[in-house]
Novice: 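I have a structure here, written as structure tokens, and I will follow up with some questions on it.
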2 protein chains.
Amino acid sequence: MIRHSATLAINEKLQAKRAAGEQVLHLGFGEAGLPVLPEVRDVLAGAAHRNEYGAVVGSAEARQAAAGYFSRRGLPTEADDIVLAPGSKALLFGLLAVLPGDVVLPQPSWVSYAAQAALLGRRVLGVPVPESAGGVPDPERLDRALTGARKDGAEPGVLILTVPDNPTGTLAGAELVKEVCAVAGAHGLTVLSDEIYRDLVHDSAEVRSPAAELPEHTVVTAGLSKNMALGGYRIGFARVPRPEQRAALVGVASEVWSSLPAPMQEVAAYVLAEPPEVRAHIDASRALHAAVARAVHAEFTAAGADCRAPQAGFYLYPDLEPLRAKGFTTGAQLAEHLLDRHGVGVLAGAEFGDDPAALRFRVATSLLYGDDAEQRWSALRSPDPVTLPWIARSLGHLRDALSAVLDGE
Amino acid sequence: MIRHSATLAINEKLQAKRAAGEQVLHLGFGEAGLPVLPEVRDVLAGAAHRNEYGAVVGSAEARQAAAGYFSRRGLPTEADDIVLAPGSKALLFGLLAVLPGDVVLPQPSWVSYAAQAALLGRRVLGVPVPESAGGVPDPERLDRALTGARKDGAEPGVLILTVPDNPTGTLAGAELVKEVCAVAGAHGLTVLSDEIYRDLVHDSAEVRSPAAELPEHTVVTAGLSKNMALGGYRIGFARVPRPEQRAALVGVASEVWSSLPAPMQEVAAYVLAEPPEVRAHIDASRALHAAVARAVHAEFTAAGADCRAPQAGFYLYPDLEPLRAKGFTTGAQLAEHLLDRHGVGVLAGAEFGDDPAALRFRVATSLLYGDDAEQRWSALRSPDPVTLPWIARSLGHLRDALSAVLDGE
């Protein structure tokens, strides 16, 4: 049986604790906790008369806008290449369903890739990420793993990359992407590149898409859940340049979800055309994500954690190996202790396919911006958001918790 | 490879023909071609700030309202029994993914059941429907087929029923449902009862849900696409009383679509509470569907077709066997001729699992109400909608086409 997605499950668990009056620091869920841009609300409201099923691939306007979105990011794209859906998760599932072969994953990687592969009865091959950044497997280990897997009778077919990455909050550099794609190409893999965090690179470093390296063999998925904080709108889109792959995906889409809701097609068309207010909103969100992720990173490193510096999105992936001396033997045990004793909710690395014995976990920093729309707008507009009282208080809660655990509490 | 859903595909094909200026009678797609109730538009507009992912099962308010919806229809239901999703199609897919065993289908039945089973690698066993109504297999033939299938090594596990039915537009009577459920129960099947047309029974005859016959072994799916003409909103909900089945469904949901979009949860909560204006809208829609389906039925029977009288929804399933004398040997050939020579778009019975040689097809009558919101509101408010010029013109187009085919054209 497929378990309830670990990220969604911890979100529901932590929300229930809060509803019960517990003081909980919610670092468990990658929801971009920010308000809806007013112009987006207006577009949705103005599209409420749209009740037709429409085309499975999406509306002409939304596809055209999505093509422009990719084209402006160095990936020339036609409207015909685009498929919209209720979430990029649904697209990833549909693509895994139609792309043949065993699934190769970076380790750690987002919880749903392996779960989707399991649901589809597909074998998964995990390859550790390099020290420099997550979201891609170490190229040399990938090469060896693929060669070894074939010898063992496996048939690696799809390599999923996350650029930038969840859970590590890092961005694989252009050279690293190039090396990984060279290996993938040599082994005849199709790359499924999840680029949902692409617009949230903190210092606007270049994102090298695998689609630029292996244009004929890369499918890119993205969505509006992270850059625009529209998780609850469920808007995903994919760039699928090969007609036969697109036709196969549309077949699955037509039998599982039919289409992205018609009013949401208008939201997609509006946002993906990237008018100035949308760009300004994403710019402000990116700056806030960066400031808070850095502040949380500082707390973890001050507590002795080994942790890559955050480069994109709103995640950290600290390793608290020093705590093994305090009697912790698995990441899950440590995560449970942090939640039960110190009210800090994080997800153990094992949920992301990492070694269960490692004292690593994913920390999502995006639900620290406030408890209501007013606080969140203040955070978005603040030149120094980590000094806002509610954010400073959360950082203090984390500091005290880490210090207590280090003291054996 | 899973083909593009036949119903969605013909919709896109016919819309393209219309856009190209062709005069096409669109009888191919089960979209309830009616406008959005203004109060529903207001609810969606007022919910545009809702951007949280929320619980996979759906919001507390929407689940409570859905429980009330079922309870008022003779199926006592708790909010905990409910799962919402982006469309009942997604729920049917998720349920098929988690309910074990081969899939037993009435023949003919809606296009997506067999396609979903194929996508999940599941065996399908088709059993013809009785003369009296579609949506359920003939009970005696079902019993024989299940016994025979087991002897051949099959493991029938799930029986899908459609009450009322698409594609035949009929309602299996209480006695027939009881007999079918007795057979299903004796063979240990789980019944998946698709009741999306339940509110559209023309004369308000009692709908006997299989869930009343086999309460422990029936899952019911429904949605707002048909009764409220909100296909493009993609709102589905299911009644899954067994906790272990619900947990399994939620596992799949969490890895494929996450949740029904948050703004749509508010629409579901509003509609499923069934305030007076919602009931009045459904009443008016039902009367319109009934009037037009009856008028189209009259055209087909006048042309010599054998066709069950419409009882629910907006479908007919005529058999034009007399046309075999004119050289037609398959339903697909006849459907193609009707479209290419006479501009009448219907789907051949083979798309619904029927005998390809039969000259049967599904006729959807719900896109005849008008080309714009003004015409559609007029149709909804008309005491005698078939006399409205645009509907009368469509009926004339159909009459001329059938007459021409009978004349060998």
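Numbers restart at 1 for each chain; the letters A, B, ... are given by sequence-line order, proteins then strands.
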Novice: Taking every non-hydrogen pair under 4.5 Å, which of B/G236, B/A45, B/S5, B/A32 racks up the most with chain A?
Specialist: B/S5
Novice: Tell me, out of B/N11, B/V56, B/V250, who's got the most heavy-atom pairs with chain A below 4.5 Å.
Specialist: B/V56
Novice: So what's closer than 4.5 Å to chain A heavy atoms on B/E255: side chain, backbone, both or neither?
Specialist: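 Both backbone and side chain.
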Novice: Identify which part of B/A373 has an atom lying under 4.5 Å from any heavy atom of chain A, answering side chain, backbone, both or neither.
Specialist: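 For B/A373, no heavy atom lies under 4.5 Å from chain A.
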Novice: Judged by modelled atom types alone, do B/S366 and B/Y315 share a side-chain donor-acceptor pair under 3.5 Å?
Specialist: no
Novice: Would you say A/R63 and A/V57 make side-chain contact, with heavy atoms under 4.5 Å?
Specialist: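 A side-chain contact exists here, since the closest heavy-atom pair is under 4.5 Å.
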Novice: Given a strict heavy-atom distance threshold of 4.5 Å, which part of A/L119 is in contact with chain B: side chain, backbone, both, or neither?
Specialist: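 It is the side chain, since no backbone atom gets that close.
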Novice: Can you name the nearest heavy-atom pair linking A/I196 to A/D194, along with the distance?
Specialist: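 Taking A/I196 first and A/D194 second, the nearest heavy atoms are N-OD1, 3.3 Å.
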Novice: Count the heavy-atom pairs under 4.5 Å between each of B/G231, B/A9, B/G87, B/P38 and chain A, then report the option with the highest count.
Specialist: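 Of the options given, most contacts go to B/G231.
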Novice: So which of A/H4, A/Q265, A/R234 has the biggest tally of heavy-atom pairs under 4.5 Å with chain B?
Specialist: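 Highest number of heavy-atom pairs under 4.5 Å: A/R234.
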Novice: Do B/V256 and A/Q116 come close enough that some side-chain heavy atom pair is under 4.5 Å?
Specialist: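 No; the side chains remain at least 4.5 Å from each other.
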Novice: B/L34 versus chain A, heavy atoms under 4.5 Å apart: side chain, backbone, both or neither?
Specialist: backbone
Novice: Compute whether any side-chain donor of one residue and acceptor of the other, for B/H281 and B/N227, lie under 3.5 angstrom apart.
Specialist: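 No, B/N227 and B/H281 have no side-chain donor paired with an acceptor closer than 3.5 Å.
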Novice: If you count heavy-atom pairs under 4.5 Å between each of B/E31, B/R3, B/R50 and chain A, which one has the most?
Specialist: B/E31
Novice: Looking at chain B, which one of A/G54, A/S112, A/S88 has the largest number of heavy-atom pairs inside 4.5 Å, strictly under?
Specialist: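 Ranked by heavy-atom pairs under 4.5 Å with chain B, first place is A/S112.
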Novice: Answer with side chain, backbone, both or neither: which region of B/M264 has an atom nearer than 4.5 Å to a non-hydrogen atom of chain A?
Specialist: side chain
Novice: Run the salt bridge (Lys or Arg N to Asp or Glu O under 4.0 Å) check on A/D102 and A/R122 step by step: do they pass?
Specialist: CA-CA 6 Å; A/D102 300 329; A/R122 302 280 284 282; 5.7 Å; no
Novice: Can you tell me which of A/P35, A/P86, A/A55 forms the most heavy-atom pairs within a distance under 4.5 Å of chain B?
Specialist: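 Most pairs with chain B among the choices: A/A55.
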Novice: Using non-hydrogen atoms only, which part of A/A247 is less than 4.5 Å away from chain B: side chain, backbone, both, or neither?
Specialist: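 A/A247 touches chain B through backbone and side-chain heavy atoms alike.
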Novice: Of all residues at least two apart in sequence or in a different chain, which pass the side-chain contact (heavy atoms from CB on, under 4.5 Å) check with B/A379?
Specialist: B/L288, B/Y369, B/L388, B/I391
Novice: A/Y233 versus A/M228: any side-chain heavy-atom pair under 4.5 Å?
Specialist: no
Novice: Which atoms of B/F29 come close to chain A, meaning under 4.5 Å heavy atom to heavy atom: side chain ones, backbone ones, both, or neither?
Specialist: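 Contact with chain A involves the side chain of B/F29 alone.
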Novice: Side-chain donor-acceptor contacts of residues 89-98 of chain B below 3.5 Å, not counting sequence neighbours, with atom names and distances?
Specialist:
residue : atom : partner : partner atom : Å
B/K89   : NZ   : A/S254  : O            : 2.5
B/K89   : NZ   : A/S258  : OG           : 3.0

